[in-house]
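Report on the structure given below.
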Amino acid sequence: MKSPQINCGVCTLRPFEPADAESIAPLLNDRDVWLNVSDRIPHPYLLEHAEAFIGAALDKNPVENFAICVDGCAVGGIGIVPGKGIGRVSAEIGYWLGKPYWRRGITTAAVKAITKYAVETFDLTRVFAIVFTHNSGSIRVLETAGYVREGLMKQSSIKDGVVHDEYLYGWYS
């Protein structure tokens, strides 16, 4: 399968490349970024973590994880986790963006683009996201991208030793 590259206007999504490790490691090592992502992402986030992640991402066909690129440089990541079994028509979306690139519409454009890609590539009827209730930037991204708040999950996660509520958002074809 040809490696997809998706032009989003303000950014481009493309499969990760080994050289991206050097640009994403310091951006994802930022504590403010880390505080809003899954614990699958360690902190501190080191070059070897980025290299291992990119190596695993390159093994997926079709592509599930993309670099968010601005001016040809990887400045974030976005991906999906396809469901299995009876949940195979659904996938979870996750994303992060380096702090210097926040509030530019980049993540919203990336979410819209990967949602379309995921639905078409994986034959999905639903894409969902889980976001901390205090993460107003990510909530705004999802709502602007056409996701609908489905519910509130009370005390559903722990991050940095603090228990948080989360919202569940969904997009439907």
Side-chain angles (χ1 to χ4, degrees), residues 6 8-11 13 16 24 27-45 49 53 56-57 60 63-70 74-173:
I6 305 166
C8 305
V10 294
C11 66
L13 304 184
F16 279 98
I24 69 168
L27 292 170
L28 199 44
N29 192 44
D30 184 314
R31 185 168 170 76
D32 289 338
V33 174
W34 175 79
L35 283 171
N36 287 300
V37 298
S38 164
D39 276 353
R40 290 180 295 226
I41 299 170
H43 189 74
Y45 193 80
H49 296 125
F53 169 77
K60 300 285 184 168
V63 177
E64 295 177 5
N65 292 284
F66 290 84
I68 300 173
C69 299
V70 174
V75 298
I78 189 164
I80 62 156
V81 178
K84 296 183 182 347
I86 63 170
R88 66 187 171 275
V89 295
S90 186
E92 182 176 5
I93 185 175
Y95 48 85
W96 68 273
L97 189 68
K99 194 172 179 180
Y101 300 90
W102 290 2
R103 295 182 210 27
R104 296 189 194 179
I106 294 167
T107 309
T108 300
V111 167
K112 287 179 181 179
I114 196 152
T115 300
K116 181 177 187 300
Y117 165 83
V119 167
E120 293 172 355
T121 303
F122 295 91
D123 197 25
L124 303 175
T125 59
R126 178 174 188 272
V127 181
F128 69 94
I130 299 171
V131 60
F132 294 126
T133 57
H134 64 266
N135 189 344
S136 59
S138 193
I139 290 167
R140 189 170 42 257
V141 162
L142 291 166
E143 291 176 350
T144 303
Y147 284 67
V148 176
R149 186 181 302 169
E150 296 178 332
L152 169 65
M153 301 184 303
K154 299 290 285 177
Q155 300 180 11
S156 57
S157 64
I158 187 166
K159 184 70 179 190
D160 200 31
V162 178
V163 174
H164 295 279
D165 295 344
E166 294 175 295
Y167 289 129
L168 174 64
Y169 276 84
W171 181 97
Y172 320 96
S173 62

Discussion item. Among residues at least two apart in sequence or on other chains, which ones pass side-chain contact (heavy atoms from CB on, under 4.5 Å) with P100?
Written reply: L27

Item to complete: Please list, chain by chain and in numerical order, all residues satisfying side-chain contact (heavy atoms from CB on, under 4.5 Å) with E120, sequence neighbours excluded.
Response: K116

Supply the atom-to-atom distance [X] [atom1] to [Y] [atom2], rounded to the nearest 0.5 angstrom.
X: S157; Y: I130; atom1: OG; atom2: CD1; answer: 9.0 Å
X: T121; Y: I114; atom1: OG1; atom2: CD1; answer: 9.0 Å
X: N135; Y: L35; atom1: CG; atom2: CG; answer: 10.0 Å
X: N36; Y: I41; atom1: CG; atom2: CD1; answer: 10.5 Å
X: E150; Y: Y172; atom1: CD; atom2: OH; answer: 3.0 Å

The criterion is salt bridge (Lys or Arg N to Asp or Glu O under 4.0 Å); which residues satisfy it with [X], sequence neighbours excluded?
X: R149; answer: E143
X: D30; answer: none
X: D123; answer: none
X: R104; answer: none

Shortest non-hydrogen separation from [X] to [Y] and the atoms involved:
X: Y101; Y: I106; value: O-CD1, 3.7 Å
X: C8; Y: A110; value: SG-CA, 4.3 Å
X: A113; Y: I6; value: CB-CG2, 3.8 Å
X: Y117; Y: V63; value: OH-O, 2.7 Å

Response to the item:
residues 155-173 vs salt bridge (charged side-chain N to carboxylate O under 4.0 Å, His left out), sequence neighbours excluded, gives R31-D160, D39-K159, K154-D165

Worksheet item: Would you say the side chain of Y167 lies within less than 4.5 Å of the side chain of L152, judging by non-hydrogen atoms?
Response: yes

Non-neighbouring partners of [X] that pass ring pair (Phe, Tyr, Trp, His ring centres under 6.0 Å), sequence neighbours left out:
X: F132; value: H134, H164
X: Y169; value: none
X: Y45; value: H49

May I have the list of side-chain donor-acceptor pairs in residues 79-99 shorter than 3.5 Å, sequence neighbours left out?
from, atom 1, to, atom 2, distance (Å)
R88, NH1, G85, O, 2.7
S90, OG, R126, NH1, 3.4
Y95, OH, S138, OG, 2.5
K99, NZ, D32, OD2, 2.3

Discussion item. Can you list everything that forms a side-chain hydrogen bond (donor to acceptor under 3.5 Å, both in side chains) with N65? Sequence neighbours excluded, please.
Written reply: none

Worksheet entry | Y147 and W171 aromatic ring geometry - parallel, tilted or perpendicular at 30°/60° bounds | tilted

